Amino acid sequence: MVRTLRFNREIMDTLSTQQYSDLFLKHKDIFLGDEPKFLQEIRIKAAEKLSTQSFPAKKNELYKYTFLEPYFNNGFKKNIIPKPITFDICDMFRCDVPTLDTHLAIVLNGFYYDTKKLLITLPNGIIYGSLAEAIKQYPALVEAHLSKYITTDDSYVTLNSAMARDGVFLYVPKNKSLDKPIQIINILLADEELMVQPRNLFIMEQGSSAKIVICDHTLNDNKYLTNSATEVYVASDANFECFRMQNEHNEAVQVSHTFIHQEAGSNVRTNNVTLHGGVVRNNLYVNLAGEHCENTSLGLFLTDGTQQVDNYTFIDHATPNCNSNQLYKGILDNKSTGSFTGKIMVRKDAQKTMAYQRNSNLLLTSDAHANAKPQLEIYADDVKCTHGATIGQIDENALFYLRSRGISERESRLLLMYAFAFEVIKQIQVEPLQIRIGDLVEKRLRGELSRCNNCAMYCK
Amino acid sequence: MLKITNLRTSINGKEILKGIDLEVKAGEVHAIMGPNGSGKSTLASVLAGRDIYEVTEGTVEYEGEDLLDLTPEVRARKGIFLGFQYPIEIPGVSMASFLRTAVNEHRKFKALAPLSASDFLKIMREKKEMVEIDSNLTNRSVNEGFSGGEKKKNEIFQMALLEPKLAILDETDSGLDIDALRIVANGVNKLKTAENATIVITHYQRLLDYIVPDFVHVLYNGRIVKTGTKELAFELEERGYDWIKKESDLKLNGEDVKI
């Protein structure tokens, strides 16, 4: 039996979160019906919390540069159960990086897409596939981790917790390594304006290692809103690397929340390249919960038109002797906006912390806008923390040097822009991917279409 | 080849070149000397097309064409090369891709097919030997982390690859030890033909022991105040610039005096 939901009606009536609470109540049977008890609890708790929350207001410090509430009030269709699509996605969307050998996981409009096998177990015990299916087959495993690493009260995350129905699940047992990267392709392809809320859960047991490549794509011109959440548990001495490429069209809005929980001696690298997108907000929360952790967070965003890309990071040095390193770079053209807010928290006992942060922005026009907000909060006294933010234009001296060798102004500018971006690209450790991304970034900077598949659809 | 007539330029309203006249013919080597701040580097930059300088008066003719009308890249493709006094470091742009792009832009201009990677490497190897540049440098970013000497050698290396008609070397000797100076000068001499010309800007007579100029010009206060042969360089080395400054200042006041 489902217990009564204690919704705070009084507040709810005035909040934009209400429509979601209403939706939740309307489809209570689906959200709670067949789910195991722990998941019901998570959903109910989240739904109740949401009923007391509002979406971040315009003045909210956390969302200062990207006001998202209107997008969440747009009345987009929300699919609670997947709507069948007549295209053969697997055939249409073949990654054309021949040397990039990966396990493919396709997520179509927020739901894991595979008509045959929803969950795959590799010979060494690694499991990957649909989260919804994992909840059915491995409830104990999911219960031990789902919603355990959320370190924020952000109402968008609460919303995802209440309503997300599927996404990608990965489990890497103790001391096991993934033989090749898992490539998750998030595809948005619907015949109407759509909101999707996928949820991913990656569990890395002690001493394990895995690489993940995530690609976000819109495959037609419809408007989309994505509110995705990913939780990553990285046990002691495990290695986890995640490369994400966001390539959505100008009418797409994406909010992504990633929570990384690191135990002692673990090493995590994330690299987020935003090639294209209408409004993109990425939140990255890293909790260094054990000693001697390494965390590297990289980001690159290329914007033009009126695009907005906003990266928020929160690196929590909760224990001593951990290193973190952040590098976020943006190239901003036309009237676009790029923002970076990077918070480093060094807790009282986190001595010998080394935390570095750098954010550099290249403005190509006087109308482009960059916001850089480093935030350091340090409560320990034996730490080394640095942060730096730069906002600049193309170096005229370098430009002249290149032109004086016969290289046209356009090519010279491209060389310099590419060089600026390359500092992030060169840190992609899957080599064919590094070459491929380098190529895509160059095409993007040239203003050519940066399709990364051989599909018949051209993203706007 | 190059004919500069009454060239006046200014930057931020301040006049730097105050009427330069200079003619350079194919096969000639011209040395331009002069005290600090006399306008030598400005002249070099203006010839290469740096747009921060405003040309207020005068003309520059290059192979019968108005040079000032051309963009820096077109000037380069037409054979003008500036060896920078302070070569720019460009992190992230690899030497190899930079040089290959530059060489192929020159070839495209001459309606030649671009070089294949292997042909390009072959040419690069040849030229590297000529200027005795460390092989590893071409694996790095443009000038990044190069020593002062390496940067200057790199300029001559680029010159060797691009084979200019008119090379303008802006204080290529400054900051070089004797060995590096000899290597740089040898490079310049080896590249010299009857068809091309070189303008060497220098502070010191020392370089001119290696690169023998046909003419020596003294630039002072934005004007060429004296022209002679390489003996003039020796005289400058011995006596400094003061006597030239005085002579020229007096001349400006209408007195024709020889000191």
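Note that the structure is predicted; figures quoted are calculated from it, not measured. The chains referred to below are lettered A, B, ... by the order of the sequence lines, with proteins before strands, and numbering in each begins at 1.
- The shortest side-chain heavy-atom distance between B:L82 and A:F400 falls under the 4.5 Å cut-off.
- Shown here for B:A76 and A:G406, the closest heavy-atom pair between the two residues is CB-N, 3.3 Å.
- For B:T71 against A:R403, the heavy-atom pair with the smallest separation is CB-NH2, 3.7 Å.
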Pair B:F81-A:S404, side chain to side chain contact (heavy atoms under 4.5 Å, CB included): steps then yes or no
CA-CA 7 Å; B:F81 178 87; A:S404 79; over 6 Å; no
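- Around NZ of B:K190, the count of heavy atoms belonging to other residues, nucleotides or ligands within 6.0 Å exceeds 12.
- The shortest non-hydrogen separation linking A:L415 to B:V93 is O-CG2, 3.6 Å.
- Within a 6.0 Å sphere centred on CZ of B:F109, heavy atoms belonging to other residues, nucleotides or ligands number more than 12.
- In this structure, the portions of B:P87 lying under 4.5 Å from any heavy atom of chain A include both its backbone and its side chain.
- In this structure, CD in B:E155 is found 3.5 Å from OH in A:Y401, a value given to the nearest 0.5 Å.
- In this structure, CG on A:N397 lies 12.0 Å from CD on B:E89, to the nearest 0.5 angstrom.
- Put simply, the side chain of B:Q158 never gets that close to the backbone of A:R405: no donor and acceptor are under 3.5 Å apart.
- Summarising the geometry, atom CG belonging to A:L402 is positioned 9.5 Å from atom CD1 belonging to B:I88; distances are rounded to the nearest 0.5 Å.
- By the neighbour-count criterion of 12 heavy atoms within 6.0 Å, atom NZ of B:K122 is sparsely surrounded, having that number or fewer from other residues, nucleotides or ligands.
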Trace of the side chain to side chain contact (heavy atoms under 4.5 Å, CB included) decision for A:S408 with B:R77:
CA-CA 10 Å; A:S408 69; B:R77 292 171 201 159; 3.6 Å; yes
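- Contacts of A:E409 with chain B are made by both backbone and side-chain atoms, with heavy-atom separations under 4.5 Å.
- More than 12 non-hydrogen atoms from other residues, nucleotides or ligands lie less than 6.0 angstrom from NZ of A:K373.
- In this structure, B:N139 places its CG atom where more than 12 heavy-atom neighbours from other residues, nucleotides or ligands lie under 6.0 Å away.
- Dense packing is recorded around NZ of B:K192, with more than 12 heavy atoms of other residues, nucleotides or ligands lying under 6.0 Å away.
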